[in-house]
Trainee: 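Shown below is the structure under consideration.
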Amino acid sequence: MASRVAARAAPYTGNMILESAQGASGPQATDTWEIAQGLNALAAHPEAARVPTHTFAAQCIDGRPAAGGDDLRVPRTAGGTVTAWVIDLLANDAESAFETAKARHPVATDVPHADRIREAVSAAELDELTALARELRGNGFLVFGHSDDHATGTISGCGAADNLAHILRVFATAQEPIAELLSEWTIDASLIPRAAQQHAMALADTLPNGRQIIGALAAIAPNPLPVLVGKHAEIAVVANGAPNTTIDVAAAAAAIGWAGSRVFVVDTWAFTDIAEVVYQYVQRREGPHSASQSSERLQWHPTREEIHACIAGFNAATLLVLCNSSMPTVYLPA
């Protein structure tokens, strides 16, 4: 056992360990090196786990199987449709969002002012999720999310939705760990605007809970959302850069040499498609704007490249929140 731990410090091709991660999912530290070697084997033969897909990214990175089967082949990003919604929120105007919220959702006057603000903005954020989901579905894109078989109360069972406030704070503050992971994915983290990070910190105090988020998606999704089964058993992160493919979770675990385990999957190639859809949606929502408006308010008028970088940063932050510090990763380029 000791020799395996010592070997962990040696270099290995194309992988990193999420040593700054803060969560619970992942292998024992004594198993990390062995799994990393398995990831090298997968990197040498990614076809062992890749399967074709041509759908818009909407499935979550969660590696657990769905009740009734595990044959969904939909590109994966954090929270499924949650990724697109979060980036849309980051690009929204915080002040105008609150004014809209007050108009749409009259709030009680007998609660503290700060609570009334949070209540109104949270309701507006759910409105925006509903609007975006309707837009996606109306344009033929899949709307998707999930729960699990043991979630209770305000918890949905989707780690991205349930931990969203924490994820946004990590997105705003953990620049170095995010940059390291994005570098592995060949994405430039310097394109994430400071305004987006500032807005992420503001949003973290107003977000709806996970059950509300998944409930809003379920109301728009054309089919019942899947219910994932059991506890997390992910022992690696597999990032896939090959367009029009995703990763078969069970096949990836078997290729690594840990059949019966699971992996988190992030289809990084799909960030481009999401970025284009969100960019067009934001442009239609905002209309013309001036540089002076941008400098006076907490608002970010994004480019496609900045949106793409924020999508990547949000997915990286999600992994840093959900995974433990022994979690190995691999990037499978096209």
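Throughout, residue positions are numbered sequentially from 1 according to the sequence presented.
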Trainee: Taking the side chain from Arg211 and the backbone from Gly153, do they hold a donor-acceptor pair closer than 3.5 Å?
Mentor: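 Checked: pair present.
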Trainee: Between Ala317 and Ile178, which heavy-atom pair has the shortest distance, and what is it?
Mentor: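 Closest pair (atom of Ala317, atom of Ile178, distance): CB-CD1, 4.1 Å.
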Trainee: For the residue pair His150 and Thr152, establish whether any side-chain heavy-atom pair is separated by less than 4.5 Å.
Mentor: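 No, every pair of side-chain atoms sits at 4.5 Å or beyond.
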Trainee: For Ser183 and Ala179, indicate whether the former's side chain and the latter's backbone hold a donor-acceptor pair under 3.5 Å.
Mentor: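 No; judged by distance alone, with no hydrogens or angles, the pair does not exist.
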Trainee: Tell me the closest heavy-atom pair linking Ala309 and Leu191, and the distance in Å.
Mentor: CB-CB, 3.7 Å
Trainee: Compare every heavy atom of Trp185 with every heavy atom of Thr268, then report the nearest pair and how far apart it is.
Mentor: CG2-CD2, 3.8 Å
Trainee: Please find the pair of heavy atoms, one from Ile17 and one from Ser326, that lie closest to each other, and give the distance.
Mentor: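 Where Ile17 meets Ser326 most closely, the heavy atoms are CG2-C, 3.9 Å.
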Trainee: Donor-acceptor check, side chain of Trp269 to backbone of Ala242, threshold 3.5 angstrom: yes or no?
Mentor: yes
Trainee: Ignoring hydrogens and angles, tell me if any N or O in the side chain of Asp273 forms a donor-acceptor pair with the backbone of Glu276 under 3.5 Å.
Mentor: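 A pair under 3.5 Å: no.
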Trainee: Could you tell me if the side chain of Asn240 sits less than 4.5 Å from the side chain of Val266, heavy atoms only?
Mentor: no
Trainee: Looking only at heavy atoms, which two atoms of Ala236 and Ile35 are closest? And how far apart?
Mentor: CB-CG2, 4.1 Å
Trainee: Are a donor atom and an acceptor atom from the side chains of Asp267 and Thr246 found within less than 3.5 Å of each other?
Mentor: yes
Trainee: Minimum heavy-atom separation for Gln59 to Phe144, with atom names?
Mentor: CA-CD2, 3.7 Å
Trainee: Which of parallel (below 30°), tilted (30 to 60°) and perpendicular (above 60°) describes His308 and Phe271?
Mentor: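 It falls in the perpendicular class, over 60°.
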Trainee: Is the backbone N or O of Ala275 less than 3.5 Å from a side-chain atom of Arg304, with the two atoms forming a donor-acceptor pair by type?
Mentor: no
Trainee: Has the side chain of Arg73 got a donor or acceptor atom that lies under 3.5 Å from a matching backbone atom of Val51?
Mentor: no
Trainee: Without swapping roles, check the side chain of Arg64 against the backbone of Gly230 for a donor-acceptor pair under 3.5 Å.
Mentor: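 Yes, Arg64 side chain to Gly230 backbone: donor-acceptor pair under 3.5 Å.
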Trainee: Whether the side chain of Arg50 engages the backbone of Ile247 through a donor-acceptor N/O pair (distance < 3.5 Å, no angle test) should be reported.
Mentor: no
Trainee: Could you tell me whether His45 atom NE2 has more than 12 heavy atoms of other residues or ligands within 6.0 Å of it?
Mentor: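 Check fails, neighbour count at 12 or below.
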Trainee: Between Asn315 (side chain) and Ala78 (backbone), is there a donor-acceptor pair under 3.5 Å?
Mentor: yes
